[in-house]
2 protein chains.
Amino acid sequence: MAGSIDPLALDNQLCFALYAANRAVTGRYRALLDELGLTYPQYLVMLVLWEAVQQEQVMTVSSLGQRLRLDSGTLTPLLKRLEARGLLQRRRAASDERVVQLALTPEGQAMRQQAQHVPVQLFCDSGLPLGDLVQLREQLKGLLRRLESDCPSAESPA
Amino acid sequence: MAGSIDPLALDNQLCFALYAANRAVTGRYRALLDELGLTYPQYLVMLVLWEAVQQEQVMTVSSLGQRLRLDSGTLTPLLKRLEARGLLQRRRAASDERVVQLALTPEGQAMRQQAQHVPVQLFCDSGLPLGDLVQLREQLKGLLRRLESDCPSAESPA
DNA sequence: ACAAATTGAATTGTGCGCAATTAATATGGT
DNA sequence: ACCATATTAATTGCGCACAATTCAATTTGT
């Protein structure tokens, strides 16, 4: 009665474990982020913009997209909502009118303090040792790197 | 120059590693599932229904939702699309008119053969040892279990 | 200098996820 | 039998994700 080796069994799928765990984590964030008035993807955007402030970097839609692996189809409307909420400003760069630069407002920067407890709370919710979570995170990063590099089995010859 | 310990740094977030890895894996599935005419969530539904056939179980919208952690708001339109494609039938149970039973058509059952290579291909794409993937899967399941059980830090006293 | 190619963002359209509401059916207590 | 309550799907509305297209601004090649 050990684990079946059926390659199509749901319980054997890494992809489903990933899919389900991701939604469970996102769900845990939802209640916490509700207090900030942010959705989960908006929170990730704010994390990147807070980092950029600290490093005195100017983020653009494309650099944000590279960091989060999201395209303008996702980011443009999301950023417009954050702008409408008064958390950031979008403006065209003078040097290149194609690029849209993102600048946090004072309110957007101040929210960083309110967010400090969010990852801490999630760590507590997980109930797992920090070492386990770090290991899991690094394994996921490794998987991501593998999938983002062109894999041998991907290309088909002309 | 080792890893920062800023709790808000994006690279320190397990949640982002999970989010990014999940989308990368889903993206890899997309091209393969395109050949079957399935989206990734539709593929997961088919996995469950193929299992149910083998075990001679009758799946309903709610039992499917329990397995995949999805509600009727997601499943109802998805199932209607699969029905429109001729892969399954939805019908009210005679014993309880509230429940909708799901039955694969012969075409839906036959697709299982076409899908056999999908997880195999993904395994190859990952380029990682099977043992690593199994360990990662089990860690994700553990995290999921933790988050689904009511955690001590969740409830607020009246 | 000018045509062609490239780049950056926005737009459009489809399909999830999920909260909240609604409607129909079933169940349990009296 | 009657009624309040539970349960099961469906519906509605919003916000992602992502493919495909469009458009303007810029860069490249000659």
Side-chain angles (χ1 to χ4, degrees), chain A residues 15-16 18-31 33-34 36-46 58-85 90-102, chain B residues 15-16 18-31 33-34 36-46 58-85 90-102:
Chain A
C15 72
F16 177 63
L18 202 48
Y19 170 83
N22 178 54
R23 286 192 297 118
V25 168
T26 304
R28 284 283 174 173
Y29 272 95
R30 202 180 319 280
L33 295 178
D34 228 39
L36 303 180
L38 294 178
T39 66
Y40 178 72
Q42 288 169 8
Y43 168 73
L44 295 179
V45 166
M46 294 301 287
V58 176
M59 294 298 297
T60 68
V61 173
S62 64
S63 62
L64 184 61
Q66 282 174 23
R67 196 91 169 81
L68 296 177
R69 277 81 173 177
L70 292 170
D71 68 7
S72 66
T74 300
L75 289 175
T76 295
L78 187 157
L79 291 168
K80 284 183 178 175
R81 283 177 211 114
L82 293 180
E83 186 177 38
R85 282 212 44 213
R90 297 154 62 246
R91 61 168 189 278
R92 296 278 170 180
S95 59
D96 186 338
E97 289 285 339
R98 292 171 304 180
V99 333
V100 171
Q101 296 179 334
L102 307 170
Chain B
C15 73
F16 176 63
L18 203 47
Y19 169 83
N22 179 52
R23 286 192 299 119
V25 168
T26 304
R28 284 283 174 174
Y29 272 95
R30 204 180 318 278
L33 295 178
D34 227 39
L36 302 181
L38 294 178
T39 66
Y40 179 70
Q42 288 169 8
Y43 168 72
L44 294 179
V45 166
M46 295 300 286
V58 175
M59 294 299 296
T60 68
V61 173
S62 63
S63 61
L64 184 60
Q66 282 174 23
R67 197 90 169 82
L68 295 178
R69 277 82 173 175
L70 293 171
D71 68 6
S72 66
T74 300
L75 290 175
T76 296
L78 187 157
L79 291 168
K80 285 183 178 176
R81 283 177 211 114
L82 292 180
E83 186 176 37
R85 280 212 45 212
R90 297 156 61 248
R91 61 168 189 280
R92 296 278 169 180
S95 58
D96 186 338
E97 288 286 339
R98 293 172 304 180
V99 336
V100 170
Q101 296 179 334
L102 307 170

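Atoms considered below: every heavy atom in the structure, side chains included; atoms not considered: hydrogens, waters and symmetry mates. Sequence lines set the chain letters: A, B, ... in the order given, protein chains first and strands last, and positions in each chain run from 1. Nothing here was measured: the structure is a model prediction, and the numbers come from that model.
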Novice: How close or far is atom C1' of D/dC18 from atom CG of B/Leu33, stated in whole angstroms?
Specialist: 15 Å

Novice: Under 3.5 Å, side chain of A/Asn22 to main-chain N/O of A/Val25, donor-acceptor pair present?
Specialist: no

Novice: The side chain of A/Ser72 is closest to which nucleotide in this list: D/dA10, D/dC16, C/dT11?
Specialist: C/dT11

Novice: I need the CG-C1' distance between B/Asp71 and C/dG15, as an integer number of Å.
Specialist: 15 Å

Novice: Look at the side-chain N and O atoms of B/Arg69 and state whether any lies under 4.0 Å from the OP1 or OP2 oxygen of C/dG17.
Specialist: no

Novice: Would you confirm whether B/Arg69, through its side chain, and A/Arg23, through its main-chain N or O, come within 3.5 Å as a donor-acceptor pair?
Specialist: no

Novice: Counting side-chain heavy atoms from CB outward, which of C/dA9, D/dT26, D/dT11 is closest to A/Val61?
Specialist: C/dA9

Novice: Under 4.0 Å, heavy atoms only, any strand: does B/Thr26 hit a base, just the sugar-phosphate, or nothing?
Specialist: nothing

Novice: The side chain of B/Thr76 lies closest to which of these nucleotides: D/dC18, D/dA10, C/dA9?
Specialist: D/dA10

Novice: Which part of the nucleic acid, if any, lies within reach of B/Leu75 when heavy atoms closer than 4.0 Å are counted: base, sugar-phosphate only, or nothing?
Specialist: nothing

Novice: Whole angstroms only, please: what is the CG-P distance between B/Leu102 and D/dT8?
Specialist: 14 Å

Novice: Sub-3.5 Å donor-acceptor pair from the side chain of A/Arg92 to the main-chain atoms of A/Arg98, do we have one?
Specialist: yes

Novice: On the nucleotide C/dA9, are OP1 or OP2 found under 4.0 Å from the side-chain N or O atoms that A/Arg92 carries?
Specialist: no

Novice: Between D/dA17 and B/Tyr19, is there an OP1 or OP2 to side-chain N/O distance shorter than 4.0 Å?
Specialist: yes

Novice: So B/Tyr19 and A/Tyr40, would you call those rings parallel, tilted or perpendicular, with 30° and 60° as cut-offs?
Specialist: perpendicular

Novice: Hey, which sits more toward the 5' end of DNA chain D by its nearest nucleotide, A/Ser95 or A/Leu78?
Specialist: A/Leu78

Novice: Tell me the partner of D/dA6, counting only Watson-Crick (N1-N3 plus N6-O4 or O6-N4) or G-U wobble (N1-O2 and O6-N3) with both under 3.5 Å; none if nothing fits.
Specialist: none

Novice: Starting from C1' on D/dA17, measure out to CG on A/Leu44 and report it in whole angstrom.
Specialist: 13 Å

Novice: Where the side chain of B/Ser63 meets the backbone of B/Met59, is there a donor-acceptor pair that is under 3.5 Å apart?
Specialist: no

Novice: When the distance from CD of B/Gln42 to P of C/dG15 is rounded to whole Å, what number comes out?
Specialist: 8 Å

Novice: Can you tell me the base-pairing partner of C/dT25? Count Watson-Crick or G-U wobble geometry only, both distances below 3.5 Å, and say none if there is no partner.
Specialist: none

Novice: Would A/Leu79 and A/Leu64 count as a side-chain contact (heavy atoms from CB on, under 4.5 Å) here? Give the steps.
Specialist: CA-CA 11 Å; A/Leu79 291 168; A/Leu64 184 61; 4.0 Å; yes

Novice: Can you figure out which of C/dA26, D/dA25, D/dA17 approaches the side chain of B/Asp96 most closely?
Specialist: C/dA26

Novice: Looking at every strand, decide which applies to B/Ser62 at a 4.0 Å heavy-atom threshold: base, sugar-phosphate, or nothing.
Specialist: sugar-phosphate

Novice: For A/Ser63 and for B/Pro77, find the nucleotide of DNA chain C with the closest heavy atom, then tell me which residue's nucleotide is more 5'.
Specialist: A/Ser63

Novice: Choosing from C/dT25, C/dA9, C/dC18, which nucleotide comes nearest the side chain of A/Arg23?
Specialist: C/dC18

Novice: Rounded to the Å, how far apart are A/Arg30 CZ and D/dG15 C1'?
Specialist: 10 Å

Novice: From the set D/dA19, C/dA26, C/dC16, return the single nucleotide nearest to any side-chain atom of B/Thr74.
Specialist: C/dC16

Novice: Enter syn or anti for the glycosidic conformation of D/dA6, syn applying to angles within 90° of 0.
Specialist: syn

Novice: A/Met46 CE to D/dC16 C1': how many Å, rounded?
Specialist: 18 Å

Novice: Return the value, rounded to whole Å, for the distance between atom OH of B/Tyr43 and atom P of C/dC16.
Specialist: 15 Å

Novice: Return the nearest nucleotide to the side chain of A/Lys80; candidates are D/dC16, D/dA10, C/dT11.
Specialist: C/dT11

Novice: Evaluate the side-chain contact (heavy atoms from CB on, under 4.5 Å) criterion for residues B/Arg90 and B/Leu102: first the C-alpha distance (whole Å), next the side-chain angles of each, then the deciding distance (0.1 Å), finally the verdict.
Specialist: CA-CA 5 Å; B/Arg90 297 156 61 248; B/Leu102 307 170; 3.7 Å; yes

Novice: Closest approach to the side chain of B/Arg98, judged atom by atom: which nucleotide of D/dA9, C/dT7, C/dA24 is it?
Specialist: C/dA24

